[in-house]
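It should be emphasised that the depicted structure is a prediction, and the values quoted were computed from it without experimental measurement.
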Amino acid sequence: MKRLRALSTICISAMLCSGAADAQGFPAGCFVRDYSPEHLATHPEQGIAGLRMLFDTADLTVSIVAVTSYGGQALRDGVPGRLLIANALCDSDGRCDIPCNGGGFWLHRDEGETILIRTDGARVAERTCDPDASGTDLVEVPGEVTTYRLTRVPLESC
């Protein structure tokens, strides 16, 4: 729990006002996607090595943490192997916008214990709302949509 609180403090919890992303409501808990070293070795153009989203139903917030790989947009943007964060504000349709012109993503429910995040541009950076902070985009290929499937894990994993 201490680690979760520390992560929440680091990430400065983001607002997520997305009740209508699906009929089941706002997801609760920690959702994660980590790519294996083998996967990243066979996809050197991929810039995101891991993604964590911590959802809190009490105030409909989400904290986003991305770990960058050593390739793709992370390498292009000069942030390989970094821990980057973002906050998002969402509407009732599940469109989530990152303040300070950070782009956004769509929140979708999936089957079972997974959610889908689809983005056409969502900036993660060392500090939120700092235009000078080093960062990158969750989009793997500019101009295309990138989809991440995240799986619910125990809170301790966030």
Side-chain angles (χ1 to χ4, degrees), residues 3-18 21 27 29-56 60-91 93-110 114-153 155-158:
R3 185 174 177 196
L4 178 62
R5 285 190 191 114
L7 178 63
S8 296
T9 300
I10 291 168
C11 296
I12 315 170
S13 295
M15 293 289 191
L16 186 68
C17 305
S18 170
C30 177
F31 291 81
V32 173
R33 179 64 190 254
D34 288 318
Y35 296 94
S36 69
E38 296 78 20
H39 174 88
L40 293 171
T42 60
H43 298 86
E45 73 286 355
Q46 185 169 327
I48 301 298
L51 187 60
R52 285 170 164 56
M53 294 185 147
L54 180 60
F55 295 89
D56 183 349
L60 301 180
T61 61
V62 60
S63 296
I64 304 163
V65 177
V67 177
T68 60
S69 71
Y70 290 89
Q73 75 272 29
L75 183 61
R76 175 198 70 214
D77 294 338
V79 290
R82 299 289 257 307
L83 180 78
L84 304 174
I85 62 174
N87 300 321
L89 302 172
C90 299
D91 63 24
D93 293 326
R95 174 63 188 182
C96 305
D97 293 308
I98 297 170
C100 308
N101 299 318
F105 58 90
W106 288 95
L107 169 64
H108 297 273
R109 292 294 285 190
D110 200 11
T114 63
I115 58 172
L116 295 178
I117 301 300
R118 292 189 174 110
T119 183
D120 56 3
R123 181 171 166 74
V124 289
E126 292 176 321
R127 295 175 302 279
T128 60
C129 287
D130 181 348
D132 297 324
S134 297
T136 193
D137 200 298
L138 294 179
V139 170
E140 297 290 338
V141 178
E144 294 184 16
V145 173
T146 299
T147 301
Y148 294 94
R149 181 182 311 270
L150 292 89
T151 303
R152 184 188 316 268
V153 296
L155 287 177
E156 306 82 58
S157 297
C158 272

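- Not one N or O on the side chain of S63 forms a donor-acceptor pair closer than 3.5 Å with the backbone of L54.
- Here the shortest heavy-atom pairing between V153 and S157 reads CG2-CB, 3.4 Å.
- In terms of the side chain to side chain contact (heavy atoms under 4.5 Å, CB included) criterion, residue partners of C100 (sequence neighbours excluded) are, by chain and number, C129.
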**Study point:** Step-by-step side chain to side chain contact (heavy atoms under 4.5 Å, CB included) determination, L84 to T136
**Key:** CA-CA 8 Å; L84 304 174; T136 193; 3.8 Å; yes
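- Within the structure, salt bridge (Lys or Arg N to Asp or Glu O under 4.0 Å) contacts touching residues 32-45 (residues at least two apart or in different chains) are D34-R52.
- The shortest side-chain heavy-atom distance between L150 and L51 falls under the 4.5 Å cut-off.
- The CG atom of L116 sits 6.5 Å away from atom OG1 of T147, with the distance rounded to the nearest 0.5 Å.
- T151 is not listed as a side-chain neighbour of V32, based on a closest heavy-atom distance of 4.5 Å or more.
- Taking the side chain to side chain contact (heavy atoms under 4.5 Å, CB included) definition, one finds that I98 meets it with A86, A88, A122, sequence neighbours left out.
- In this structure, the side chains of I85 and V124 stay at 4.5 Å or more apart for every pair of heavy atoms.
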Practice item. Go through the steps for Y148 and E140 under the test side chain to side chain donor-acceptor pair (under 3.5 Å), then give the verdict. Key: CA-CA 11 Å; Y148 294 94; E140 297 290 338; 3.3 Å; yes
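- Ring orientation note: the planes of H43 and H39 are close to parallel, at an angle under 30° on the 30°/60° scale.
- The side-chain heavy atoms of W106 and V145, taken from C-beta on, include no pair separated by under 4.5 Å.
- Sorted by first and then second residue, the pairs that involve residues 66-83 and meet salt bridge (Lys or Arg N to Asp or Glu O under 4.0 Å), not counting sequence neighbours, are R82-E126.
- Considering only heavy atoms from C-beta on, L75 stays 4.5 Å or farther from Q73 through its side chain.
- Under the 4.5 Å side-chain criterion, counting only non-hydrogen atoms from C-beta, L107 is in contact with I115.
- One finds the OG1 atom of T119 at 6.0 Å from the CG atom of D137 (value rounded to the nearest 0.5 Å).
- For the atom pair OG1 (T114) and CZ (R149), the distance works out to 5.5 Å, reported to the nearest 0.5 Å.
- With sequence neighbours excluded, the residues that form a side chain to side chain contact (heavy atoms under 4.5 Å, CB included) with R123 are A125.
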**Study point:** Y35 and Q46: CA distance, side-chain angles, deciding distance, side chain to side chain contact (heavy atoms under 4.5 Å, CB included) verdict
**Key:** CA-CA 10 Å; Y35 296 94; Q46 185 169 327; 3.1 Å; yes
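- Partners of T68 under the side-chain hydrogen bond (donor to acceptor under 3.5 Å, both in side chains) rule, at least two apart in sequence or in another chain, do not exist in this structure.
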